[in-house]
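Below, chains carry the letters A, B, ... as their sequence lines are ordered, and counting in each starts from 1. This is a predicted model, so every value here is computed, not measured.
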Number of protein chains: 2
Amino acid sequence: MKNQLTHAIEDYLKAIYALSVEGEAASTTALAAELNIAPASVTGMLKRLAETTPPLVEYRKHRGANLTPDGERAALEVIRHHRLLETYLHQSLGFPWEDVHEEACRLEHVISEAFEERIDAVLGHPTHDPHGDPIPSPNLVMPQEASIPLSTLRPPQVTTIQRVNANDADLLRYLDEKSLVPGSKLEVRAFSPFDGNLTISIEGAEMVVGPAITHHIFVEEED
Amino acid sequence: MKNQLTHAIEDYLKAIYALSVEGEAASTTALAAELNIAPASVTGMLKRLAETTPPLVEYRKHRGANLTPDGERAALEVIRHHRLLETYLHQSLGFPWEDVHEEACRLEHVISEAFEERIDAVLGHPTHDPHGDPIPSPNLVMPQEASIPLSTLRPPQVTTIQRVNANDADLLRYLDEKSLVPGSKLEVRAFSPFDGNLTISIEGAEMVVGPAITHHIFVEEED
DNA sequence: ACACTAATTTAGGCAAGACTAAACTTTATT
DNA sequence: AATAAAGTTTAGTCTTGCCTAAATTAGTGT
């Protein structure tokens with residue numbers, strides 16, 4: 001008997017999950033920014049989420065919110081939907097990389113477990129979405145993976161892109177064009193300490209990328 | 001600049017479309033029954049729909065509602081989504097016949113035009129959904145088709161099932177089992193004037209079906 | 001310890017969409 | 001034509017989720 005969560009609530013849970021790294025509580029303002037909602041509205045919703053049965057978040061005034069185990073399970077369910085959908089839209093329906101996020105954001109709240117299972121099967125039980133994010137398992141365990149921002153690498157270094165952390169469609173389109181996608185191998189050739197630019201070589205081509213880009217690209221952790 | 005319709009509004013438009021056959025207005029109670037909503041709530045919504053810009057329905061007190069051209073276009077868009085989705089869920093994702101309706105009801109409000117186009121293409125631009133209902137064209141013209149209830153046939157007669165008009169999952173599962181699906185050929189062998197039962201032969205097997213079933217099955221019109 | 005700022009909460013409102021109960025039309029029946 | 005039944009509308013209420021403006025709390029530097 002899982003009670004039916006609204007779209008709005010699912011979005012809150014997803015946002016709290018995303019913002020509470022390392023067990024740190026997600027702040028009201030950070031949530032407001034993430035959700036494009038006024039901070040006051042977030043306060044109101046957090047109170048409600050803390051008083052549902054079962055409670056989905058743990059909330060302390062002025063101290064932000066954490067997910068309860070129930071809340072986390074619900075969040076992971078939505079994230080699993082989201083990432084499976086992104087993968088499906090891209091692989092099976094030929095959606096461009098940069099468009100899958102928005103579409104998945106709407107569909108994730110609406111698909112049934114049967115739908116989830118079908119696309120999971122059709123895709124062959126994928127482990128990562130097109131952006132390289134891990135897909136929680138059917139029993140809702142989030143694989144833990146270590147990766148570091150490309151911006152932290154110093155030459156000389158060879159590595160592989162693991163994950164691209166961006167939702168902006170224009171940026172994603174650009175990255176795709178330059179093969180800056182999960183799985184691509186690249187070599188870090190030079191670093192400019194003044195502006196943080198890296199000179200990298202990828203797919204045989206050499207290019208210079210600034211922090212606005214390298215910050216969003218995550219690569220294998222070093223040995 | 002198409003204004004964003006809510007989920008609820010799309011359901012109203014769909015229901016009004018379904019109930020206003022032959023230009024007759026859909027009554028408040030009929031809509032309430034169709035939508036599982038109290039009649040009073042329907043009245044309120046109809047008033048709102050008649051006063052939006054542009055108006056989506058034409059509403060006269062105690063006289064029910066009709067769709068305006070704008071409303072009809074919106075309704076057809078949703079119906080196109082619904083029927084394409086049903087077809088897709090069944091053909092491409094292997095959903096059982098009886099489950100596609102419910103899933104499509106939720107997805108229809110949420111998919112983008114890009115999604116619509118992709119599944120339409122993948123399916124090869126289908127003209128009918130799994131229940132035999134025609135799919136409106138991309139420019140939102142509803143194909144007009146003539147078919148008559150199986151219940152009106154009298155032996156001896158050979159015909160083909162065109163359309164199955166039912167949403168109840170149990171009934172659909174039963175019909176599927178007995179091959180009472182669009183495309184099946186059948187022969188009407190006998191008619192009982194007392195209870196309206198028909199004896200038919202389908203796929204080599206003979207069976208007796210009552211009005212509760214024959215009423216939902218539509219076959220080719222006679223020459 | 002004090003004051004200033006940034007973050008947060010409270011209070012009060014609003015729109016969408018639904019409900020019930022009561023009042024009122026329309027239609028059907030006699 | 002009178003009246004009962006059926007269908008519809010009105011009035012008033014509720015919940016969800018959002019908003020703004022004002023009040024409060026926490027955190028920071030002096």
Atom-to-atom span, [atom1] of [X] to [atom2] of [N] - whole angstrom:
X	N	atom1	atom2	value
A:Ile37	D:dG17	CD1	P	10 Å
B:His7	D:dG17	NE2	P	14 Å
A:His62	C:dT9	NE2	C1'	6 Å
A:Lys47	D:dT16	NZ	P	15 Å
B:Leu46	D:dG7	CG	C1'	14 Å
A:Leu31	D:dG17	CG	P	16 Å
B:Leu49	C:dA18	CG	P	10 Å
B:Arg48	C:dG17	CZ	P	5 Å

Kindly assign one of parallel, tilted or perpendicular to the pair B:Phe95 and A:Phe115, based on the angle between their ring planes and the thresholds 30° and 60°.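 Rings of B:Phe95 and A:Phe115: tilted, as their planes differ by 30° to 60°.
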Which nucleotide wins on minimum distance to the side chain of [X], given the candidates [options]?
X	options	answer
A:Ser41	D:dT10, C:dT20, D:dC19	D:dC19
B:Pro39	D:dC19, C:dA18, D:dT9	D:dT9
A:Thr43	C:dT10, D:dC19, D:dT10	C:dT10
B:Thr6	C:dA16, D:dG17, C:dC19	C:dA16
A:Ile9	C:dA11, D:dG17, D:dT25	D:dG17
A:Ala40	C:dT9, D:dT9, D:dC18	C:dT9

Using OP1 and OP2 only, check whether a side-chain N or O of A:Lys61 sits under 4.0 Å from C:dT10.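 True: A:Lys61 side-chain N/O within range (under 4.0 Å) of C:dT10 OP1/OP2.
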Does D:dT16 have OP1 or OP2 under 4.0 Å away from a side-chain N or O of A:Tyr12?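 No, A:Tyr12 has no side-chain N/O under 4.0 Å of OP1/OP2 on D:dT16.
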Applying a 4.0 Å non-hydrogen cut-off, can you work out what B:Thr28 is touching in the nucleic acid: base, sugar-phosphate, or nothing?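 Since only primed, P, OP1 and OP2 atoms lie under 4.0 Å of B:Thr28, the category is sugar-phosphate.
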Counting the atoms with a prime plus P, OP1 and OP2 as sugar-phosphate, which does B:Ala8 contact under 4.0 Å by heavy atoms, base, sugar-phosphate, or nothing?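 Sugar-phosphate, backbone atoms only, no base.
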Please check if the side chain of B:Arg83 supplies one atom and the backbone of B:Pro134 the other of a donor-acceptor pair under 3.5 Å.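 Indeed, once roles are kept as given, a pair shorter than 3.5 Å links the two residues.
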Without placing hydrogens or testing angles, list every side-chain donor-acceptor pair under 3.5 Å for residues 49-63 of chain A, not counting sequence neighbours.
from    : atom 1 : to      : atom 2 : distance (Å)
A:Thr52 : OG1    : A:Leu49 : O      : 3.3
A:Thr52 : OG1    : A:Pro54 : O      : 2.9

Between B:Glu145 and B:Arg163, does any side-chain N to carboxylate O distance fall below 4.0 Å?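 Salt bridge absent between B:Glu145 and B:Arg163.
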For residues 164-171 of chain A, run the donor-acceptor check on the side chains, cut-off 3.5 Å, and write out each pair with its distance to 0.1 Å, sequence neighbours left out.
from     : atom 1 : to       : atom 2 : distance (Å)
A:Asp168 : OD2    : A:Asp170 : N      : 3.4
A:Asp168 : OD2    : A:Leu171 : N      : 2.9
A:Asp170 : OD1    : A:Arg173 : NH2    : 2.6

